[in-house]
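Working notes, structure below.
Since this is a predicted model, take the numbers as computed values, not measurements.
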Amino acid sequence: MRRAQLAGIVLVQLVLLVAALVSELAVPKVAALLVAGAVIIAAVIVLLLRSLPMVLILTYYVALGFYYVVAMDPNDPLLGALIPLTAWTVILPIMLRPGIWPILVSGMLAATPAALIVVAHPTWDRAVLSASLITNLILIVNAAIFIFFLRGIAGSLDRQKKAAIEEEARVVRRRTSKEMAAEYVRVLHDTIVNTFGALAREQPQGTNTEEGQERCRRDLERIRNFQRSTAAGRQARPSLTDLDRIGLPVRWTGMSGDDLRRFQALLPVPVLDALCGCASEAVRNATKHSGADHVIVDAQYIDDELRVKISDDGCGFDRASIDERGIAESIVARGELQGLAVALDAAIGEGTTVQLSCSLSPPTEAAAPSGEVRPLGHFTRKMSIAWALHAIAIGISLEIVSPGEPSLATYLLLGALLAFAGASWSSSRFDRLLPVWQIALMLVAIPAANWCALESVGYGNDAPYLFPAVSLTVLPVLIHASGRTFSSFFLAVGVQVASMLILGMGVVDTSRYAEILLLEAPTVALLAMWFILLRKFRSIEVEIAHAQKTMDRAMREAAAHEAATEVQMQWSASGLHGSLELLQEIAAGVISPDDPETRRRCGDEETFLRQISALSQTATLMSRWFALALADARRRQIEFELHAEDAQIDDPQAADELGHLVLDCIAASPEKSAMRVTVLQRVRTVRMLIVTRRDGDLADRVDVEGRGSLRVTIERLQDHILVDATWRRSAATSPHSGWRISASPTER
């Protein structure tokens, strides 16, 4: 807006120069050229040197004072253009700066032209003095109201944008955390969980010592590679060609090598991750369970889809009698999460086939509704309606204080502007565009509005004031308010200028025709200002769109890195290092996988990891604390049972205080005791109940004070102790499905 106003100063100066050249002056007319040149030079200095706009503004006000002093006849075109254009520019301090001081400065500027008229032209009619004062003061009042609401609209837009960015960041982080946690669980399930289960149950594939050690080495390497890749942000793109190094020998049919790499390069990284992960797990399953000596990977490009089929001629399985939880999680769920079509075909004695399909075309955006407008469309509509109300308020104010006879043309113009402003606001609500019939009606109304404006000032016979000039900008601005392009605005401006020329041709007196053209000059200057302002909004929209894309990319990368860090912290806290140490001991031959004690330890680790995996799926801030609690309870041989309902706790302070309380209760409980924790979440309250047997000194050792926002009470029952903790929040979180985790050592 500031740039538009400064550009408007130059346009106003050019209008005043033309008016001065056709009017009588007290000095040679070359002086008007010099004054206009000084204003233009100041504008160039401000533009090129990026100096303070005050240089241009002060030069412009000095030029206005010059014109008031050198004007000779109040009926000349110079004064007819000078009074409304002065009124438009005395509000510059209000438009450029917030606060009460700009209003006071504008008031002093409004009084200056009246003082110059009194000093330099004491014989002029006092109507000229009153017209100048009234026009300036009314415009100052309306400008102050206008800019107040305009800045309120801008502030509301900024607050809404900030809130939307914060909410989107929370959504992206929550979704990414859940995806990362799910991927971590899949990798663990595909490796050490299955390996520990096979070794613990003495399955045929795990009884051979060398095969068991080799399997542990592969799992250990994969886990460490996965941890390194997630910590680095997973920037390296996987490839289907890596299937050769996973397990059984691969026989390729269809595409392979560079041909396959070219096609998979068209896929987004998350989709390619899912595709390679599903295909790798299919090869691993064939290696572990099929008994085949190779797998066949067939990659085809069909109907704009990349289709990858992994098949073996092994023993197969009966889908009705085999628990497919591993397949459902590691292949089907992983693929469908990224939009892959997954098909599984298996039968006893006929092998197994997994087919993965994904589209190579980028996802098409949903068709935008007919009413959708630009990102700043809502703001420009409000500003345009505010401008219409601003012009109407000026007209009503001038009619109230005008000493002349009431003008029917003025009332018609005010009523038409008010009707079109209301209709435009009603039609463009909910991000809709103005209907074509309404735009056409406004275009037809522009010549009628010009006629009413000229009639209201008697075709230039009455002392002109600002309202006709301002009012004639309203319809073109309203037409642009809900348009995607400038075409409708340019059409309206063309109709505006052409209709004014046609109306002026009906005037026989050439001097009056020049007056009519000068009455149109402020309108053209204002429309030029609006064009600069609206074009600047278009460039701002482009900048916003580019910044939004950059912000989204950075936000997603940050969310992925943060999610990976949180998941790794959670697994580290849960005691995963113990499982990795056991895997390392088996892989290095320190202990034998055939040893009964080793199988028992493998069974315990498998049970514990499955419990932690179930806990990780919730991806809440409490997961890390619950993982710590499970690990600590396991170490102290405490029978720990956890129940949670609506456990999507997003407040870090609540998670920290509740988590510390659970750990403190475990530390205060005697070994080989029992504890039950229940978490209940409501709209604004999180409540945690901890029940333990009354065979220890937990009630005396747990400090109920100094818990921050957590309110803790302890009750001693007959055989149990109840710890009741309540956290009341200021904002609600979305509900999450309940889950139950049991970590009882006696159940292993």
Side-chain angles (χ1 to χ4, degrees), residues 1-48 53-73 76-92 95-96 109 113 132 135-136 139 460 464-466 468-470 472-473 476-477 489-490 493-494 496-498 500-501 504 511 513-536:
M1 177 173 288
R2 178 177 298 181
R3 183 176 297 179
Q5 291 168 336
L6 297 180
I9 287 177
V10 177
L11 294 174
V12 167
Q13 191 60 222
L14 295 177
V15 172
L16 293 177
L17 175 62
V18 174
L21 294 177
V22 297
S23 302
E24 294 185 12
L25 302 179
V27 296
K29 294 185 177 180
V30 67
L33 292 172
L34 294 177
V35 169
V39 175
I40 294 175
I41 291 173
V44 173
I45 292 174
V46 171
L47 180 64
L48 295 181
M54 194 58 63
V55 175
L56 174 59
I57 294 174
L58 291 177
T59 306
Y60 169 75
Y61 284 134
V62 171
L64 287 183
F66 166 79
Y67 285 122
Y68 274 105
V69 172
V70 301
M72 295 292 293
D73 189 347
D76 278 348
L78 175 59
L79 197 64
L82 190 59
I83 289 179
L85 291 178
T86 300
W88 176 58
T89 54
V90 295
I91 64 174
L92 277 175
M95 307 299 285
L96 294 175
L109 291 175
S132 175
T135 303
N136 291 340
L139 192 58
Y465 47 76
L466 184 64
V470 175
L472 296 182
T473 65
V477 171
F489 178 75
F490 287 145
V493 173
Q496 165 72 34
V497 175
M500 183 63 78
L501 291 176
S511 62
Y513 183 74
E515 290 179 9
I516 294 174
L517 292 181
L518 286 173
L519 287 176
E520 177 67 4
T523 305
V524 174
L526 288 173
L527 289 174
M529 181 204 72
W530 274 101
F531 170 73
I532 297 172
L533 180 65
L534 297 173
R535 190 181 66 174
K536 181 61 178 177

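Here the closest heavy-atom approach between residue Leu472 and residue Met500 is recorded as CD1-CE, 3.8 Å. Heavy atoms only, all atoms of each residue included: Tyr67 and Ala20 are closest at CE2-CB, 3.8 Å. Nearest approach of Gln13 to Ala63, heavy atoms of both residues: NE2-CB, 3.7 Å. The nearest pair of heavy atoms linking Leu527 to Gln496 is CD1-CG, 4.3 Å. Pairing each heavy atom of Leu21 with each of Lys29, the nearest pair is O-NZ, 2.8 Å. Taking each heavy atom of Pro113 and Leu109 in turn, the nearest pair found is CD-O, 2.8 Å.
Under the 4.5 Å side-chain criterion, counting only non-hydrogen atoms from C-beta, Val69 is not in contact with Val27.
A distance of 11.0 Å separates CG of Leu16 from CZ of Phe66, quoted to the nearest 0.5 Å. Separation of atoms CD1 (Ile40) and CD1 (Ile45) is listed at 12.5 Å; rounding is to 0.5 Å.
Under the side-chain contact (heavy atoms from CB on, under 4.5 Å) criterion, Ala71 pairs with Leu78, Trp124, not counting sequence neighbours. Looking at residues two or more places apart in sequence or on another chain, you find no side-chain contact (heavy atoms from CB on, under 4.5 Å) involving Leu34.
Residues Thr86 and Tyr68 have side chains that bring a donor and an acceptor to within less than 3.5 angstrom of each other.
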